[in-house]
Amino acid sequence: MEAPEDGAIQLQDVAAGGGSASASYTKDGSDGQRCVASPGGWLGRLSRELHWSFLLAIVSVYGACQGVGDALNGVASGYYWKDVQRVQPSAAQFYQGITGAPWVIKPLWGLLTDVVPVAGYRRRPYLVLAGAIGVTSMLMLSLHRELGIIAAVLALTAQSTGAAIADVTVDALIAQKSITHPPLASDMQSMCGFSSSVGALIGFSISGLLVHSMGSQGVLSLLAIPSALVFSAGILLKESPATDFDYTQVHQKFYKTVQSMGTILKCPEVWRPCLYMYLSFNLSLDIQGGMFYWYTDPVAGPAFSEGFIGLIYSIGSVGSILGVLLYQGALKDYPLRSMFLWSQVLASLAGMLDLVLVARLNLKMGIPDYFFAVIDNSVSQMVGQLIWLPLLVLSSKLCPSGIEGTFYALLMSIQNAGGMMSAWWGGIMLDMLNVTRTEFHNLWIAVLIRNISRLAPLMLPFLVPQSDHDSRLLPVEMLDNIKSSEAVKAGSDSTGFSILVADDSSGLSSNALAQKEKIEEFHAGTADVELIPLVNKSRPNVDS
């Protein structure tokens, strides 16, 4: 193939689930042909550039499973631990942390999707498996009306496992598309956030009524429905099967993939953002369990009913949608570092609304609890999206091709591990402050400490790249050796697409060259591709 005269990178998407498409990108990663806004707008552009079944998978996983499903789970599980299992707020946060453990081991699911195709398919079987696990676990929960704590934790953990596998599979597709279509990375993440927010709006709107009419355990059993939709998305996803995958080489591919990930994590452009992700979540204490118990307490709290709890969260989801639209329309071009720092400040300020509510200062100002709680939750969810979406974009930009599913899952697990530790630290703090099922005198102290803890990431700006959302964050020497060369042979189990890039080693230091050779050696075991230098490409200017 002849090199383009303008030094552009030719991208050919032959991904198993993406059909084939080609595009021409300039050296800085911009899309010379498709960056102009189309008449159909953001969603129309995605539907034209990407296959409809890919968007269906996003809607099923983010909209149905994580949007509607998490909304129902969030309200119902709070009442389940409080009224059915009758545990303390700190214990409820601990058990919910355990049920979230499958999200911490997401790299395992990512390894499976990247390295082990089933019947030749890399993505479809795992969506089907995720849906089947979710349906089975929730049906078992509905059939046993008086479960012990251990059995309940196991059932909810199984459901969480199905949701995590589905999330990893779709995230792998998103990371893959972010590499082949860099200008669409922010649009895809906005699509995910929008689907999740709309789903949450629907889920929260009906959650309170369902808990009131069916009970918390009955509502938890309804989580089988979103899992069934994920199962259907796996059946419908367009993906071309591989025909010559050698399963005897699976253990070697696992080993090489882990080696490649270890080498990539040693790169400062990668490990610094990873450290920031973990610390930003870990240092922001979570006391949601204590707040939920206070919301529903008839003596110390406002005694919100099941229906009104759902209403608060559903209206709050409108704030989440506004956060997505605000990010998509006005903030997605701002530098990542600025977005992270200002969003943490906003999160701390938004948390002060909880302090006003718990201290009942709103009543002294003549503002009813129900009205102030709606405003509080709406603002919190909007700010939450402004924190979350840039993190997702940053994560997709750190993923090398060939192991994009595994590496994106690793980045998400780092954030989930930080979130789980945040919930456990918050539970410990609630216990130390003697916040129980009926005692809330020190809850305001917990809220104040949480708000202050949200400012802790402001001490870590040097860990975040000072670049925009469309910049490539991985070093060019790493990109040049992780990307594949010419066409991937039909049915290959490799990366799923090929990118013809220049190989410029003349300006690299001896250490960079050594790292480059290691990455090339490691990646050779994860994808059956050959690296071919084509044209001399200079390194793009990326301020990390």
Side-chain angles (χ1 to χ4, degrees), residues 73-101 149 152-153 156 208 211 216 281-306 308-310 312-313 316 347-364 367-370 372-377 379-381 383-384 418-456:
N73 189 15
V75 175
S77 63
Y79 280 104
Y80 181 75
W81 294 115
K82 177 178 181 287
D83 298 332
V84 178
Q85 298 293 346
R86 302 188 64 80
V87 300
Q88 299 294 344
S90 57
Q93 291 204 177
F94 177 76
Y95 294 137
Q96 290 173 351
I98 293 177
T99 61
I149 291 180
V153 168
L156 292 172
V211 170
S216 57
F281 280 90
N282 191 1
L283 296 176
S284 301
L285 301 180
D286 179 7
I287 58 169
Q288 185 58 34
M291 289 298 299
F292 181 85
Y293 277 53
W294 180 81
Y295 271 153
T296 57
D297 188 80
V299 178
F304 291 146
S305 64
E306 295 94 335
F308 193 75
I309 287 289
I312 290 175
Y313 290 137
S348 179
L349 294 177
M352 292 300 176
L353 295 176
D354 280 340
L355 186 61
V356 171
L357 188 62
V358 170
R360 314 315 299 270
L361 297 179
N362 59 294
L363 296 179
K364 295 180 180 180
I367 304 176
D369 285 332
Y370 64 87
F372 197 86
V374 167
I375 295 176
D376 180 9
N377 196 262
V379 173
S380 296
Q381 292 202 39
V383 174
M420 184 176 69
M421 293 304 300
S422 171
W424 285 353
W425 293 133
I428 292 174
M429 182 175 66
L430 291 174
D431 186 65
M432 293 177 62
L433 293 174
N434 195 33
V435 176
T436 66
R437 291 171 49 85
T438 57
E439 176 60 50
F440 302 98
H441 284 92
N442 293 328
L443 181 59
W444 70 272
I445 300 177
V447 173
L448 182 61
I449 294 175
R450 181 205 62 183
N451 296 341
I452 295 174
S453 72
R454 288 177 174 178
L455 297 176

Could you tell me which non-hydrogen atom of [X] sits nearest to which non-hydrogen atom of [Y], and how far apart they are?
X    : Y    : value
Y80  : S216 : CA-OG, 3.4 Å
L355 : V447 : N-CG1, 3.6 Å
P89  : L430 : CB-CD1, 4.5 Å
N434 : E439 : O-CG, 3.3 Å
R437 : Q88  : N-OE1, 2.9 Å
A152 : Q85  : CB-NE2, 4.0 Å

Within 6.0 angstrom of M432 CE, more than 12 heavy atoms from elsewhere: no
Atom CH2 of W294 with >12 non-hydrogen neighbours under 6.0 angstrom: yes
Would you call [X] and [Y] a side-chain contact if the rule is heavy atoms closer than 4.5 Å?
X    : Y    : answer
W444 : L448 : yes
S453 : L283 : no
L443 : M291 : yes

Side-chain donor/acceptor of S348 to backbone N/O of N451, under 3.5 Å: yes
Aromatic ring pairing Y79/F292, orientation class (parallel under 30°, perpendicular over 60°, tilted between): perpendicular
Drop me the distance from [X]'s [atom1] to [Y]'s [atom2], to the nearest 0.5 angstrom.
X    : Y    : atom1 : atom2 : answer
Q93  : S422 : CD    : OG    : 8.5 Å
F308 : D369 : CZ    : CG    : 8.5 Å
S90  : Y293 : OG    : OH    : 8.5 Å
I445 : I287 : CD1   : CD1   : 11.5 Å
F372 : D354 : CZ    : CG    : 8.5 Å
F281 : M421 : CZ    : CE    : 14.5 Å

